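These numbers were taken from a predicted model, which means no experiment stands behind them. For ligands, and for the atoms within them, numbers begin at 1 and follow the listed sequence.
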Amino acid sequence: MSDKELRVSKIKDGTVIDHISGGYALDVVKILGITGKEKKVLTIAINVPSKRFGVKDIVKIEGKALNSQEVNRIALVAPHASINIIHNYAVVEKLEVKLPKTIEGIVKCVNPCCISNSDEPVVSKFYIKTEEPLLLKCHYCGVTLEQADVLGQL
Ligand SMILES: Nc1ncnc2c1ncn2[C@@H]1O[C@H](COP(=O)(O)OP(=O)(O)OP(=O)(O)O)[C@@H](O)[C@H]1O
Ligand SMILES: [Mg+2]
Ligand SMILES: [Zn+2]
């Protein structure tokens with residue numbers, strides 16, 4: 001290691017979210033509900049050089065194993081992310097993020113008149129119109145949301 005490099009500590013147990021498109025790491029952190037106040041090591045690298053993508057972001061979360069719902073949420077903001085489960089400092093499992101067929105209760109419809117925004121106890125629900133660029137169609141009112149609409153809600 002040269003004197004121009006800085007070594008960040010490895011995490012013992014937790015999750016590394018790798019291959020996030022450059023600039024989207026903070027969105028990933030937000031969609032997971034992580035605030036930084038959890039008293040656990042959280043390492044965020046933004047716009048680091050990547051052979052595969054030119055630049056990429058990485059998020060390393062100590063002491064947290066993601067459930068499948070959390071992995072699916074990540075797909076909304078970082079469809080090419082790979083999830084690495086770390087145990088005893090080593091990668092023990094790799095998961096690809098994948099958009100589920102429907103997105104329920106995570107995103108709000110942008111149509112103020114949509115029944116999912118009324119006083120009725122209706123949980124929002126969207127279908128995937130296209131994955132890239134991300135377009136979601138509301139199950140109730142048919143309105144289309146773009147990824148920017150999702151990011152703006154985080
Ligand atoms: N204990 C650890 N603490 C923090 N980060 C780790 C730890 N172990 C691995 N990583 C990071 O997790 C990611 C995946 O590690 P891996 O060793 O599988 O790399 P890789 O071979 O480059 O994987 P890929 O083919 O998915 O790019 C890398 O970004 C690596 O730096
Ligand atoms: Mg790699
Ligand atoms: Zn709607």
Engineer: Would you check if the Zn ion (ligand 3) lies under 2.8 Å from any N, O or S atom of His139?
Structural biologist: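 Coordinating: no.
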
Engineer: Go through the steps to decide whether Ser116 and Lys125 satisfy the test side chain to side chain donor-acceptor pair (under 3.5 Å), and finish with yes or no.
Structural biologist: CA-CA 8 Å; Ser116 66; Lys125 179 171 173 176; over 6 Å; no

Engineer: Is it true that Leu134 and Phe126 fall in one hydrophobic cluster, defined by side-chain heavy atoms closer than 4.5 Å?
Structural biologist: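 As far as the 4.5 Å side-chain criterion goes, Phe126 and Leu134 are connected within one cluster.
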
Engineer: Only heavy atoms of Tyr89, strictly under 4.0 Å: list the atoms of ligand 1 that pass.
Structural biologist: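 The list of qualifying atoms is 1 (N), 2 (C), 8 (N).
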
Engineer: Got an N/O contact under 3.5 Å between Ser82 and ligand 1?
Structural biologist: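 No, there is no polar N/O contact under 3.5 Å.
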
Engineer: Between Thr102 and Glu104, does the side chain to side chain donor-acceptor pair (under 3.5 Å) criterion hold? Intermediate values first, please.
Structural biologist: CA-CA 6 Å; Thr102 60; Glu104 288 174 65; 3.1 Å; yes

Engineer: What protein heavy atom sits nearest atom 3 (N) of ligand 1, and how far away is it?
Structural biologist: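 Nearest protein contact, heavy atoms only, for atom 3 (N) of ligand 1 is Ile11 N, 2.8 Å.
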
Engineer: Distance to 0.1 Å, residue and atom name: give those for the protein heavy atom nearest to atom 25 (O) of ligand 1.
Structural biologist: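 Here the nearest protein heavy atom works out to Arg52 NH2, 3.9 Å.
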
Engineer: How about atom 12 (O) of ligand 1: does it have a protein heavy atom within less than 4.0 Å?
Structural biologist: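 Within 4.0 Å: yes, protein heavy atom nearby.
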
Engineer: Report yes if some heavy atom in the side chain of Ile11 is under 4.5 Å from a heavy atom in the side chain of Val16; otherwise report no.
Structural biologist: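 When only atoms from C-beta onward are counted, Val16 and Ile11 do touch, with a gap below 4.5 Å.
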
Engineer: Do any nitrogen or oxygen atoms of His19 come within less than 3.5 Å of a nitrogen or oxygen of ligand 1?
Structural biologist: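 Between His19 and ligand 1 (N or O atoms, distance only) the closest approach is under 3.5 Å.
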
Engineer: With a cut-off of 6.0 Å (strictly less than), are more than 12 heavy atoms of other residues, nucleotides or ligands near CD of Gln69?
Structural biologist: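 No, because the 6.0 Å sphere around CD of Gln69 holds 12 heavy atoms or fewer from other groups.
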
Engineer: Looking only at protein heavy atoms, which one is nearest to atom 29 (O) of ligand 1, and what is the separation?
Structural biologist: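 Here the closest protein heavy atom is Asp18 OD2, 3.2 Å.
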
Engineer: Only one of Ile44, Ile61, Asp57 forms a side chain to side chain contact (heavy atoms under 4.5 Å, CB included) with Ile17, so which one is it?
Structural biologist: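 Answer to the side chain to side chain contact (heavy atoms under 4.5 Å, CB included) test with Ile17 among Ile44, Ile61, Asp57: Ile61.
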
Engineer: Would a single hydrophobic cluster contain both Val97 and Ile34, if residues Ile, Leu, Val, Met, Phe, Trp and Tyr are joined by side-chain heavy-atom contacts under 4.5 Å?
Structural biologist: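 Yes, it is one cluster - the side chains of Ile34 and Val97 are joined through contacts under 4.5 Å.
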
Engineer: Determine whether any protein heavy atom is located less than 4.0 Å from atom 21 (O) of ligand 1.
Structural biologist: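 It does not: no protein heavy atom is found less than 4.0 Å away from atom 21 (O) of ligand 1.
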
Engineer: If you round to 10 degrees, what value do you get for the angle at the Zn ion (ligand 3) between Cys141 atom SG and Cys138 atom SG?
Structural biologist: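 For SG of Cys141 and SG of Cys138, the angle centred on the Zn ion (ligand 3) reads 110°.
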
Engineer: How close does the nearest protein non-hydrogen atom get to atom 9 (C) of ligand 1, and which residue and atom is it?
Structural biologist: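 In this structure, atom 9 (C) of ligand 1 has Val91 CG2, 3.6 Å as its nearest protein heavy atom.
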
Engineer: With a cutoff of 4.0 Å, is Lys94 in contact with ligand 1, counting heavy atoms of the residue only?
Structural biologist: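 Lys94 counts as a contact of ligand 1 under the 4.0 Å cut-off.
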
Engineer: Return yes if some donor-acceptor pair links the side-chain N/O of Gln153 with the main-chain N/O of Lys108 below 3.5 Å, else return no.
Structural biologist: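 Yes: the side chain of Gln153 pairs with the backbone of Lys108.
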
Engineer: Which of the numbered atoms in ligand 1 are below 4.0 angstrom from a heavy atom of Ile86?
Structural biologist: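 What qualifies from ligand 1 is 1 (N), 7 (C), 8 (N), 9 (C).
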
Engineer: Specify the protein heavy atom at minimum distance from atom 30 (C) of ligand 1: its residue, its atom name, and the distance to 0.1 Å.
Structural biologist: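 Looking only at protein heavy atoms, the one closest to atom 30 (C) of ligand 1 is Lys60 NZ, 4.5 Å.
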
Engineer: Taking the basic N atoms (NZ, or NE/NH1/NH2) and the acidic carboxylate oxygens, is any pair closer than 4.0 Å for Lys64 and Glu70?
Structural biologist: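 A salt bridge links Lys64 with Glu70.
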
Engineer: Can we call the ring centroids of His19 and Phe53 under 6.0 Å apart?
Structural biologist: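 Close enough - the centres of the two rings lie under 6.0 Å apart.
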
Engineer: Pairs of nitrogen or oxygen atoms closer than 3.5 Å, one from Val16 and one from ligand 1: do any exist?
Structural biologist: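 Min N/O separation from ligand 1 is not below 3.5 Å for Val16.
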
